[in-house]
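Right, one structure below, let's go through it.
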Amino acid sequence: MNKENETNFRSGFAGIIGAPNAGKSTLLNQVLGQKISITSKKPQTTRDRILGIVNTVSSQIVFVDTPGIHKSTTLLNRRIVDQALLALEDVDVILFMVDVAARNYSAEKLIISQLKKTSKPVVLALNKIDLVDKGLVYRLVEEFRKLHDFKAVIPVSAIKDIQVKNLLEEVESLLAKGPRLFPEETFTDVSEKFMVKEIIREKVFRLTGMEIPYSSAVTVDSFKMEKKLIVIHASIHVVRDSQKGIIIGKKGSMLSKIGSKARKDIEKMTGQKVLLKLFVKVTKNWVDNGRMLNEFGY
Ligand SMILES: Nc1nc2c(ncn2[C@@H]2O[C@H](COP(=O)(O)OP(=O)(O)OP(=O)(O)O)[C@@H](O)[C@H]2O)c(=O)[nH]1
């Protein structure tokens, strides 16, 4: 029987928030069952950056990034926290992760003060319980409960997979009833190519300041598994020769920097060695070109 057609199926977006090092990536890797979350520091805009989609028999949870707080080194900057909260306006549930082994919880308190500005349900995961004694965990459950009206407070160990399933069930229970938002196979197919594109775009932007249009002007031309190596050919499409020059840089130095930084992130994401070949192409008027539009996925 197709559970999706049943009235109890739930789906929606969950935003993960937490101080750096709380274990957000580790949790994602655990729930996605594969190494695939990205931990880039992209500063801005893309609000619904999908980190991963968890499909269960009864639900589909789409985990999205919270720009700003995610891996921010200037966490105590209110403006950044505000940006993250803005991103959270689009989610259905907030999953707030705290490292119980952290010495003080000032960053957490700041996040909580900001969480009070939203009406979204928040599930608190007290992570890394494998590192501390039970007494402390109990105390923290009590203390954090006093600070905010969390829908649930769940001690977990993301790395050891302790109570992670319960955590997912809590998140699931807070989603609205409804069908899948993405096809079940989305995760594998969209994600790898999509994320490779995203990583390359981000490197171009960070290193050159040049904005490459969203998911349109980087193409992944081939993506092959060869023995223990993933071989990826990708192109960065620009509209002017001068842009091509900037991206390639002096004697190819910029392109090689972009390539090497992107490769490292892709390796982190896939857990595999990667050979990344990048090409820069001047594709004038790609917007008007039907074949190119197909290639870009429109
Ligand atoms: N012992 C233990 N270590 C954990 C657990 N979860 C995460 N870690 C470790 O904590 C460190 C930070 O974990 P990440 O998953 O990278 O944390 P993050 O929140 O994604 O960090 P940022 O990317 O900086 O925001 C890593 O060394 C993890 O291995 C856990 O449950 N127990």
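Start at 1 and go down the list; that is how both ligands and their atoms are numbered. The structure displayed is predicted, hence computed values, not measured ones. Residue numbers start at 1 and run along the sequence shown.
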| message | Exactly one of His233, Lys281, His237, Lys197 should register a side-chain hydrogen bond (donor to acceptor under 3.5 Å, both in side chains) with Thr219. Which one does? | response |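 With Thr219 as partner, side-chain hydrogen bond (donor to acceptor under 3.5 Å, both in side chains) holds for just one option, His237.
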
Can you find an N/O atom of [X] closer than 3.5 Å to an N/O atom of ligand 1?
X	result
Lys160	no
Val156	no
Gly23	yes

| said: Under a 4.0 angstrom heavy-atom cut-off, which atoms of ligand 1 come close to Leu131? | reply: 1 (N)

| query | By number and element, which atoms of ligand 1 are closer than 4.0 Å to a non-hydrogen atom of Ser157? | reply |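 Counting from 1, the qualifying ligand atoms are 30 (C), 31 (O), 32 (N).
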
| query | Side chain, backbone, both or neither: which part of Asn21 comes within less than 4.0 Å of ligand 1 when only heavy atoms are counted? | reply |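 Both parts.
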
| query | Hey, is Asn127 touching ligand 1 through its side chain, its backbone, both or neither, going by heavy atoms under 4.0 Å? | reply |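 The side chain, only.
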
| task | Step by step, work out the side chain to side chain contact (heavy atoms under 4.5 Å, CB included) result for Val238 and Val282. | result | CA-CA 5 Å; Val238 293; Val282 179; 4.2 Å; yes

| field | All side chain to side chain contact (heavy atoms under 4.5 Å, CB included) counterparts of Ser256, not counting sequence neighbours | value |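 Scan of Ser256 (side chain to side chain contact (heavy atoms under 4.5 Å, CB included), adjacent residues dropped) gives none.
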
| request: Fit a plane to each ring of Tyr105 and Phe144, take the angle between them on a 0 to 90° scale, and name the class: parallel (under 30°), tilted (30 to 60°) or perpendicular (over 60°). | output: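 It falls in the perpendicular class, over 60°.
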
| request: Please collect all salt bridge (charged side-chain N to carboxylate O under 4.0 Å, His left out) contacts where either partner lies in residues 250-260, sequence neighbours excluded, each pair once. | output: none

| query | Quick check: does any side chain N or O of Glu267 sit under 3.5 Å from a backbone N or O of Val274, one acting as donor and the other as acceptor? | reply | yes

| query | Do the charged groups of Lys146 and Glu142 touch, with an N to O distance under 4.0 Å? | reply |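 Glu142 and Lys146: not salt-bridged.
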
| query | Which residue from Ile159, Val132, Asp130, Asp99 reaches closest to atom 1 (N) of ligand 1 through any of its heavy atoms? | reply | Asp130

| task | State if Gly18 counts as touching ligand 1 under the rule of any non-hydrogen atom under 4.0 Å. | result |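 Gly18 does not count as a contact of ligand 1 under the 4.0 Å cut-off.
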
